[in-house]
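None of the values given here were measured: they were computed from a predicted structure.
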2 protein chains.
Amino acid sequence: MMNKILIIEDEAPIREMLVFILEQNGYQALEAGSFEEAQRHLVEPVPVLILLDWMLPDVSGIQIAKSLKQGDLTKHIPIIMLTAKGEEEDKIKGLEVGADDYMTKPFSPKELMARIKAVLRRVAPTAIEEAVEADGIILDPVSHRVTVHNKLVELGPTEFRLLHFFMTHPDRVYSREQLLDHVWGTNVYVEDRTVDVQIRRLRKAIGEVNTMIQTVRGSGYRFSKTT
Amino acid sequence: MMNKILIIEDEAPIREMLVFILEQNGYQALEAGSFEEAQRHLVEPVPVLILLDWMLPDVSGIQIAKSLKQGDLTKHIPIIMLTAKGEEEDKIKGLEVGADDYMTKPFSPKELMARIKAVLRRVAPTAIEEAVEADGIILDPVSHRVTVHNKLVELGPTEFRLLHFFMTHPDRVYSREQLLDHVWGTNVYVEDRTVDVQIRRLRKAIGEVNTMIQTVRGSGYRFSKTT
DNA sequence: ACCTAGCTGTCATAAAAATGTCATAATTAT
DNA sequence: ATAATTATGACATTTTTATGACAGCTAGGT
């Protein structure tokens, strides 16, 4: 995962505390004491979120937020404003300018992480999860159910993802490595042969229609209605 | 409260004006230039209202309204149509298809907000106050009572809200985080695992029918009559 | 202000399910 | 027949969920 989060905050102690919390939670923290410093982090690959202090010495938070929301590269990056207590009315301005949330200092690590996750969740709505159908197999990502000829089938998480991938990418051979990338996710270290085993489990689970999961000797596997 | 309102309007200037007005009034504005773009906003948590332009380049407003009123997720979202002057007869069609109100461009911010509030006021009670039933479970928000096979069941506040949410959103998997968002409310910071515990309490409280509260390993929980 | 009872969130631990790997059998290609 | 490749069953480990216990909190009552 290793998502990058940019911190724009002039006070070093607070910044370091934020870094600590973020790294503790599996994020990569980028530090900037000013808007200028921040620039060098605003290049590809761009951070997924920005924590922006409201009170900065030179440029005000409002201006930074505004210019962030104008740049093509940065306009879609959600911003969480950090304000001191009692700057309530800044909240209004902040949200107007395009901040996605704001947080009053001091705050707990728990609150910080909760807000970050909430914002990220809000910004990246789950893709259009449409049900897929193929020759009697129906897979519905919304209810997370799979039926074969209208009979419910129990699948483990990996089997489910594997079948979903196959059904959305039919008539195409995928090597074991490719399947690992797509279904298991990148940077997962497992044996190629593990794919074979999951394929077998999936075939067993879906019964007769498993003829659609085809072995392509020397190449990998393919999902297809025709043999 | 941060209610989301979705704007479907192809002309950017008008859209931006709407955004400005809405945010000024404490709503969160979502923008879409086409029906397609709108899709990505039509996922949980769903907007509370949709402002829909009548004249869109590709699909007509009527069609959009129609398909919105068919989707399970979207059918209860009120729609305000935006029409140009002189398209009077469209009003008829619009209301037929399920629009809740319509407004002729140009309009003042005051009028816009007034209509939005009126529509929300009109819609809210029916949506929220209605009793829900599912396979022997009856939950009545008005009397705040729950019966299972006509026997009264005692629920704590959180259990009640959780059950209510499930019953009004059946056959859908929700992650722990999503449940926290919907049932506990945003800006509440509790552990994911807390959901497990409340689920257990709710299951224990409702007795045999707890088979409807289903664990979906690796994904979350689901409420459904069928297993 | 001081109790009390009910709710809630968290933690520790138990239980269950899923997963990766290996050894071996079966199949296919050369 | 031999080598290469895939299928399968078994098993240990890891991951995920269920459960019980407990302490803090809150609202209502005295």
Determine whether B/Ile79 and B/Leu51 make a side-chain contact, defined as any pair of heavy atoms from C-beta on separated by less than 4.5 Å. no
So, is B/Lys204 near the phosphate of D/dA18, with a side-chain N or O under 4.0 Å from OP1 or OP2? no
Euclidean distance, atom CG of residue A/Leu180 to atom C1' of C/dT19 [Å, nearest integer]: 13 Å
Side-chain contact check for A/Thr158: nearest option of C/dG20, C/dT19, D/dA18 is C/dT19
Between C/dG20, C/dT10, C/dA18, which nucleotide gets closest to the side-chain atoms of B/Thr194? C/dT10
With a 4.0 Å limit, can you tell me whether A/Arg193 has a side-chain N or O closer than that to the phosphate oxygens OP1/OP2 of D/dT6? yes
Side-chain N or O of B/Tyr189 versus OP1/OP2 of C/dT8: is the shortest distance under 4.0 Å? no
For A/Lys110 and C/dG9, is the shortest distance between a side-chain N/O and OP1 or OP2 below 4.0 Å? no
Measure the spacing between NE2 of B/His144 and CZ of B/Phe160 and express it to the nearest 0.5 Å. 4.0 Å
Suppose we call a contact any N or O donor and acceptor under 3.5 Å apart; does that hold for the side chain of A/Arg201 and the base of D/dG9? no
Among A/Asp196, A/Asp181, A/Asp192, the one residue meeting salt bridge (charged side-chain N to carboxylate O under 4.0 Å, His left out) with A/Arg176: A/Asp196
Take atom CG of B/Asp196 and atom P of C/dT10, then tell me their distance rounded to the nearest Å. 12 Å
Side-chain atoms of B/Arg176 come closest, of C/dT8, C/dA18, D/dT17, to D/dT17
OP1 or OP2 of D/dT16 under 4.0 Å from side-chain N/O of B/Tyr221: no
Rounded distance (Å) that lies between atom C1' of C/dC7 and atom CG of B/Leu162: 14 Å
Can a donor-acceptor pair be found between the side chains of B/Thr147 and B/Asn150 at a distance below 3.5 Å? no
Atom-to-atom span, CD of A/Gln198 to C1' of D/dA7 - whole angstrom: 14 Å
Rounded interatomic separation in angstrom, taking CD from B/Glu177 and P from D/dT16: 13 Å
Whole angstroms only, please: what is the CG-C1' distance between B/Leu163 and C/dC7? 17 Å
What pairs of residues pass the salt bridge (Lys or Arg N to Asp or Glu O under 4.0 Å) test when at least one of them lies in residues 213-227 of chain A, not counting sequence neighbours? none
With a 3.5 Å cut-off and no angle check, do the side chains of A/Asp171 and A/Ser224 form a donor-acceptor pair? yes
Using 30° and 60° as the class boundaries, would you call the ring planes of B/His182 and B/Phe165 parallel, tilted or perpendicular? parallel
Are OP1 or OP2 of C/dG9 and a side-chain N or O of B/Trp184 less than 4.0 angstrom apart? yes
Please work out whether the ring planes of A/Tyr174 and A/His169 are parallel, tilted or perpendicular, with thresholds of 30° and 60°. perpendicular
Looking only at side-chain N and O atoms, does B/Thr215 come under 4.0 Å of OP1 or OP2 in D/dA18? yes
B/Glu159 CD to C/dG6 P, straight-line distance once rounded to whole Å: 13 Å
Where do N or O atoms of nucleotides 25-30 of chain C meet protein N or O atoms at under 3.5 Å, pair by pair?
unit_1	atom_1	unit_2	atom_2	d
C/dT28	O2	A/Arg217	NH2	3.4

Measure the distance from CD1 on B/Ile199 to P on D/dT19 and round it to the nearest whole Å. 11 Å
For the side chain of A/Val190, counting heavy atoms from C-beta on, which of C/dG20, D/dG20, C/dA18 is nearest? C/dG20
